[in-house]
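Take a look at the structure set out below.
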There are 2 protein chains.
Amino acid sequence: MTDTDAKKLGVRPTKVRTLADLAKIAGVSPGTVSRALAGNSLVNAKTREKIEAIAREHGFRPNQMASKLRRQKTGVIGVAIPLGHDVRQQISDTFFMTLLGHLADELTEKGYDLMLRRVIPAQNEDWLDQFIGSGMVDGVIVIGQSDQFERIEEVADGYLPMVVWGNHQEGQRHCVVGSDNRLGGKLAAERLIASGAKSLAFLGDTQPIEFAARYAGAKEVAAKMGVPILALPTHLSPERTGEEIAEHLREIKGKVDGIFAATDTIAVTCLKELRERGIDVPRELKVVGFDDLPISSQTAPPLTTVRQDIAAGAKGLVDLLLRRLEGEDTESLVLPPHLIVRETA
Amino acid sequence: MTDTDAKKLGVRPTKVRTLADLAKIAGVSPGTVSRALAGNSLVNAKTREKIEAIAREHGFRPNQMASKLRRQKTGVIGVAIPLGHDVRQQISDTFFMTLLGHLADELTEKGYDLMLRRVIPAQNEDWLDQFIGSGMVDGVIVIGQSDQFERIEEVADGYLPMVVWGNHQEGQRHCVVGSDNRLGGKLAAERLIASGAKSLAFLGDTQPIEFAARYAGAKEVAAKMGVPILALPTHLSPERTGEEIAEHLREIKGKVDGIFAATDTIAVTCLKELRERGIDVPRELKVVGFDDLPISSQTAPPLTTVRQDIAAGAKGLVDLLLRRLEGEDTESLVLPPHLIVRETA
DNA sequence: TGCCTGATTGCAATCGTTTGCATTTTTGCA
DNA sequence: TGCAAAAATGCAAACGATTGCAATCAGGCA
C-alpha cells in the first residue's frame, strides 16, 4: 500500500517528521531534500517536484528549531512592553495595543514573527539582557521607555538591533521612534489658550519621560503667554483614573478653565466626569487630549486632541530595526504630532 | 590577565558564547556546566557556584535554540489572529487586543512566551498547519474563529494542544472558550423590549458565527415576544463603519426603536451618529451593545451592554491549553455574559 | 591501608537542518 | 563515441545544549 493509497483509505500516511524520513521515501539524500524545499538551490526540477509532492502528501514541514540553530538566526523579533510605573496599565492601554497591532502587521509583511513579552522591570532587573541574550530573537523592539531609560541606554551600547518607542532626549544613545512630545504639548497648550483658557492644568503622571515632555512643552507655552499651569498627577490604571480625576476636578473647580490630558484615555474619563458634574465643555472648561485614539472622535463633544500617527510609528520602528539588523547604526526618528481640532477646545 | 582583571580595566572579558567555552574556563565539562546552570541536577555546590559566578561575569546565557532542539519543546505558545472577513478589523479591535494583553499576562506567569501571528486565511489557506507544524510553538491559541470554523475543526482532530476563542457550536470538535453569545443576544433583546422597544434591528455582520449566535439569540426572544427584528449588515473596518451605520439609520428612521449592536465599537459609533442627528437615546431609540469595553461606560449616555469577561476568558484559554499540553482532552468552556444596564436602554 | 559506596563528573550520542566540498551523472560538442 | 564542462546529488561536519551511562573521586569503615 502506498502512502497515497493510505490517504485515500483515510489511514494516516507513514509518519515523516524529518528531512531524513522524507529523503528515504524520495530515494535521495537529506541534503537534497533540504535544498529542494528551500527552493532556491540548484536541484533538478523533476527531483524537486517529486520531493515537494511527498512533502505535501505527508504534511511535512522542516523543524524550525533545528533550522534556526543551524542558520544562527530566528526570524523572530521580540517586542517587549516594560510595565514600570502603573503595572496594570500599559498592557491594556489602547495606544500601546494599537501600536502592537500595527507592528504585527509590519513584521508579518517583512517575513518576521513577533514574540511578545510583558516585563515588570521592578521584579526582574535583567529583563532586557535576558530577552536579548535568550537567543530567541534576532532583534528587539521596546514599546515605551517607562522608567527604564538608563537601562536601555546601557544595553544599546553593546547591542545594535534594538529600537525603542518613546521620547527622544538630547544626546541619547539608543535609537528611538516616537512623536515629538514637547511639540505636542505646545500645540495643546496653544490651542487651549487660543480658545480662551486663562489657567491650565496638566492631567497625567509626569514621571514617564514622554509625559514629562508633553508637560514641559505645555509649560513653555504657558510661561510665554503668562498663563499659570499646574500638574495634577493622574495614573492610568483603569480602576484608579476615574476617582483620581474626580478628586482633581473638585480641587481645581473654578480655578482652572483649560485641561491638557496626558492621554486620550484620561481625557475621555475626564469628559465623562465633567458631564456628570454638569460642567459645560468647552464653555466652562476646555479639554485637549493626546493620541487621537479611535474613540476620541466618538465622545460627546468630540475631543480636540494631538494626534500621534501610530501606523507611521510602527512602520518606522520596523524599518529602522531591519536596517539595524543589516548593521547600519540608524538615527532616531521623531514624528511630528498634529493638532486635531474638534469640539472640546 | 584574568577575565576579572579585564573587566576591572573596562576591557570586554573573553567572549564566552557556549557551554563549552564556559566549561573550559571553569575547568569542567560542558555537561557539568549544563547541569549546574539548570540548577536541579546533582552538582557539587562549590562547582555550581563557581560556574554561576563565571556565567554571571560573562553575561552568559545558554542558546535557547539549541536547548529547544534538544529538549523538543519550545516554551512558546502561538497566538494566531485570523483576519477572515474585514481584514483590517480585528488586529486593531479593542476587544481582541485586550484579550491578547491578558493572554500575555497569563502566559508569562506560567513561564511561557507568546508568539503572535496575524494571518489572512484568504491569502494563505495553510495558515494553521503552518503555524502548528513550524515547530516553533508547543501549542496554539486562536483568537476568533472568523470564517475558519471548518479548517479549525479539521486541524483539531489531529492536534491536541489548541484552544480557540470563539463561539461554541453543538457537537463541535475543537476546544473553545468564549461567551454564550446566544444567551448574550437574548439578554440584549429582552432588555430592549423591556425598556419599551417595539421594533428591533441588529447592527452587525452575521457571517462570523459569534455574531450570528448573538443575532440568533435576539431573534428568538423577539419572535417569542412578537417583536420584529431585522439584521443590518455592518462591518467593522474603522473607515467604513461610520458611513454604513449612517446609511442604516437613514433607512430605519422611524421604523425601528431598538438597536442591538454586535459589538460596543459599533454601538459607540452608532451613538455618535444618533447624537449628530439629534435623536434622543434612549427616549426615541434604545441601544444595547456587546463586550463592555472600557469606553462603554464613558459614552454619553453611558452604554447599556452585555459584558464578556475578558480576563476570565484569557485565564480559561491558558488553563485549558496547559492541560492539553499535558495530554488531557479538555471540554470547551462557555462563559456566561452579563447584562450591564446603563442608560441607553 | 584497602575496599565499598555514594556523590560528582566526564563522555558521547542526540535533536534535525544546513551547506561547503567531493563525487557522480548528464549534457554538449567535436 | 569520447571527453570536458556543467549540473545534480551525496557526504559529513557543523549549530550548541542535554542527558543516560560510565568513570572517577572522596569518604567511611574495618
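No hydrogens, no waters, no symmetry mates; every other heavy atom, side chains included, goes into these values. In the text below, chain A, chain B and the rest are named by the order of the sequence lines, each starting its count at 1.
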Length of the line joining [X]:[atom1] and [N]:[atom2], which is rounded to integer Å:
| X | N | atom1 | atom2 | answer |
| --- | --- | --- | --- | --- |
| A/Leu19 | C/dC15 | CG | P | 14 Å |
| B/Asn63 | C/dT14 | CG | P | 21 Å |
| B/Met65 | C/dG16 | CE | P | 16 Å |
| B/Glu49 | C/dT8 | CD | P | 13 Å |

Side chain A/Gln145, main chain A/Val164, donor-acceptor under 3.5 Å |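 Not at all, since once roles are kept as given, no pair shorter than 3.5 Å links the two residues.
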Under 3.5 Å, side chain of A/Gln172 to main-chain N/O of A/His174, donor-acceptor pair present?
->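 Yes, the answer is positive, given that a donor and an acceptor are paired below the 3.5 Å cut-off.
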Along nucleotides 19-29 of chain C, 5' to 3', which nucleotides get a B, which get an S, and which get a -, given that the test is a protein heavy-atom distance under 4.0 Å?
-> BB---------
Please name the pair of heavy atoms, one in [X] and one in [Y], separated by the smallest distance, quoted to 0.1 Å.
| X | Y | result |
| --- | --- | --- |
| B/Leu19 | B/Val33 | CD2-CG1, 3.4 Å |
| A/Ala20 | A/Pro30 | CA-CG, 4.2 Å |
| B/Gly316 | B/Leu333 | CA-CD2, 3.9 Å |

NZ on A/Lys24 to OG on A/Ser29, rounded to 0.5 Å |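 The OG atom of A/Ser29 sits 13.0 Å away from the NZ atom of A/Lys24.
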Earliest and latest nucleotide of DNA chain D, 5' to 3', sitting under 4.0 Å from a non-hydrogen atom of chain B?
->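 Extent of the interface on DNA chain D: D/dG16 to D/dG20.
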Show me the side-chain donor-acceptor pairs of residues 125-132 of chain A shorter than 3.5 Å, one per line, residues at least two apart or across chains.
| from | atom 1 | to | atom 2 | distance (Å) |
| --- | --- | --- | --- | --- |
| A/Glu125 | OE1 | A/Arg151 | NH2 | 3.4 |
| A/Trp127 | NE1 | A/Gln148 | OE1 | 3.0 |
| A/Gln130 | OE1 | A/Asn124 | ND2 | 3.2 |

Look at all strands and tell whether B/Val28 reaches a base, only sugar-phosphate, or nothing, counting heavy atoms closer than 4.0 Å.
->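 The answer is sugar-phosphate, as B/Val28 gets under 4.0 Å only of primed atoms, P, OP1 or OP2.
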Knowing that exactly one of B/Glu154, B/Glu153, B/Glu150 qualifies, which makes a salt bridge (Lys or Arg N to Asp or Glu O under 4.0 Å) with B/Arg173?
->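 Between B/Arg173 and the candidates, salt bridge (Lys or Arg N to Asp or Glu O under 4.0 Å) is satisfied uniquely by B/Glu153.
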